[in-house]
2 protein chains.
Amino acid sequence: MPNTFETAAEKMIRQCGGRVTTGRVRILAVLLTEQQAITHREIEQRLLGKQSLDRVTLYRVLEWLTNKQLIHKVVSDDRVWRFHANHELHSHQHAHFKCNSCASVICLDKLPNERDWSLPVGYQFQEIELTVKGLCAKCV
Amino acid sequence: MPNTFETAAEKMIRQCGGRVTTGRVRILAVLLTEQQAITHREIEQRLLGKQSLDRVTLYRVLEWLTNKQLIHKVVSDDRVWRFHANHELHSHQHAHFKCNSCASVICLDKLPNERDWSLPVGYQFQEIELTVKGLCAKCV
DNA sequence: CTATTAATGCAACAATGTTGCAACTAGTAT
DNA sequence: ATACTAGTTGCAACATTGTTGCATTAATAG
Ligand SMILES: [Mn+2]
Ligand SMILES: [Mn+2]
Ligand SMILES: [Zn+2]
Ligand SMILES: [Zn+2]
């Protein structure tokens, strides 16, 4: 049977009006299979064995997918970006959890309300970046 | 008159039981003068002219001051750490604001309540990292 | 099928932070 | 004051992560 994630990935890419290249399809397919947000390195590893893909291309595809809002990027204190597919649940702004032990990152649902922080006068709110940290179920 | 911030810095360092070196004093003094969280590079610039200080030493002093909780470190999407002195107001956990235009970072007071996000079963909360982004008063 | 334009691979680069180790120095004991 | 010692520093080399320029290749339109 053909990889059903690759089929889905191809459809998503075509729908947003982009060129359907094997790199884009394979990378988005990898992200669609993952429950967690994963790093550039982890994506590279999951692509091993198959036809090679340059790491610069991987960076550029990830940027493209992020701009097209097919995936989103999670920043972290370890200075490594993590990426996750935008399933419906996570297409809006949301918080993330990062395990202090194994560094795994998952998406959370809620986001605190604007009344929970207050900006100085004259400051304009645009977005929020929230990472809750602690221990995941495996590391607890 | 002697630099009052250096006097304060020296006292803080001595109080926490660390060796009082000129590097530590000068770096903490710089951070005490700043309203905002500033980067390693920005600290370097403010130390120019005086007796030179190796950038590795700067990294190590910043780490030491952070561990001693005399300053705190702010992570950011641009992969650059910013540091800020722990004035009383900011000695507890708190959120930060980063300007999307000029990249300036300030400390906020409030932090959302734990009921504003929910972790999966088995996950253990430890800390929170919140950055609100938007435009500062100068850039608005 | 061909032309056009976007995407890719490769090499070099940039930015930020880290490690190992010898030399130095602040604090302390004599 | 002098010597001792552990903590601190400077330097060089390195590591990691991401970026840029440019020639080549491939996807799509006609
Ligand atoms: Mn997410
Ligand atoms: Mn702060
Ligand atoms: Zn974990
Ligand atoms: Zn600004």
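Below, each value reflects all heavy atoms present in this structure, side chains not excepted, and no hydrogens, waters or symmetry copies. In this text the structure is predicted, and so the values were computed from the model without any measurement. Chain letters run A, B, ... following the sequence lines, proteins first, then strands; residues in each count from 1.
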What nucleotide among [options] has an atom nearest to a side-chain atom of [X]?
X: A/T21; options: D/dT8, C/dC10, C/dT8; result: C/dT8
X: B/R60; options: C/dG17, C/dG9, C/dT19; result: C/dT19
X: B/R79; options: D/dG18, C/dA11, C/dT19; result: D/dG18
X: B/R19; options: C/dT25, D/dT19, C/dG17; result: C/dT25
X: A/W64; options: C/dA7, C/dG17, C/dC21; result: C/dA7
X: A/L53; options: D/dT19, C/dG9, D/dG10; result: C/dG9

Given B/H72, which of B/T66, B/N86, B/L65 fulfils the side chain to side chain contact (heavy atoms under 4.5 Å, CB included) condition?
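Only match with B/H72 under side chain to side chain contact (heavy atoms under 4.5 Å, CB included): B/N86.
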Can A/F5 be reached from A/L53 by stepping across I, L, V, M, F, W or Y side chains whose heavy atoms are under 4.5 Å apart?
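Same cluster.
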Path from A/L28 to A/V25 over hydrophobic side-chain contacts below 4.5 Å:
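Shared cluster, yes.
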Considering every strand and a 4.0 Å limit on heavy-atom distances, what is the contact class for B/R24: base, sugar-phosphate, or nothing?
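Answer is sugar-phosphate: B/R24 comes under 4.0 Å of backbone atoms only.
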Any Lys/Arg nitrogen of A/E129 or B/K133 sitting under 4.0 Å from an Asp/Glu carboxylate oxygen of the other?
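Counted as a salt bridge, because a side-chain N and a carboxylate O are separated by less than 4.0 Å.
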Once you round it to whole Å, what is the distance between [atom2] of [N] and [atom1] of [X]?
X: A/R26; N: D/dA27; atom1: CZ; atom2: P; value: 13 Å
X: A/D54; N: D/dT25; atom1: CG; atom2: C1'; value: 13 Å
X: A/E44; N: D/dT17; atom1: CD; atom2: P; value: 10 Å
X: B/R55; N: D/dC14; atom1: CZ; atom2: P; value: 15 Å
X: B/L65; N: D/dT9; atom1: CG; atom2: C1'; value: 15 Å
X: B/L62; N: D/dT8; atom1: CG; atom2: C1'; value: 15 Å
X: B/K68; N: D/dT8; atom1: NZ; atom2: P; value: 8 Å
X: A/D77; N: D/dT17; atom1: CG; atom2: P; value: 13 Å

How do A/W81 and B/T57 order along DNA chain D: which one's closest nucleotide is nearer the 5' end?
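That would be B/T57.
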Between A/D78 and B/L58, name the one whose nearest nucleotide on DNA chain D is closer to the 5' end.
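Mapping each residue to its closest nucleotide by heavy atoms, the 5'-most match is B/L58.
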Go nucleotide by nucleotide along DNA chain C from the 5' end; which of B/E63 and B/V20 gets its closest nucleotide reached first?
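Its nucleotide being nearer the 5' end, the pick is B/E63.
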So do the side chains of B/R19 and B/I13 get within less than 4.5 Å of each other, counting heavy atoms only?
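No, too far: nothing below the 4.5 Å cut-off.
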Let's test your reading of the model: under 3.5 Å, does the base of C/dT16 pair with the side chain of B/R41 as donor and acceptor?
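Under the 3.5 Å cut-off, the side chain and the base do not form any donor-acceptor pair.
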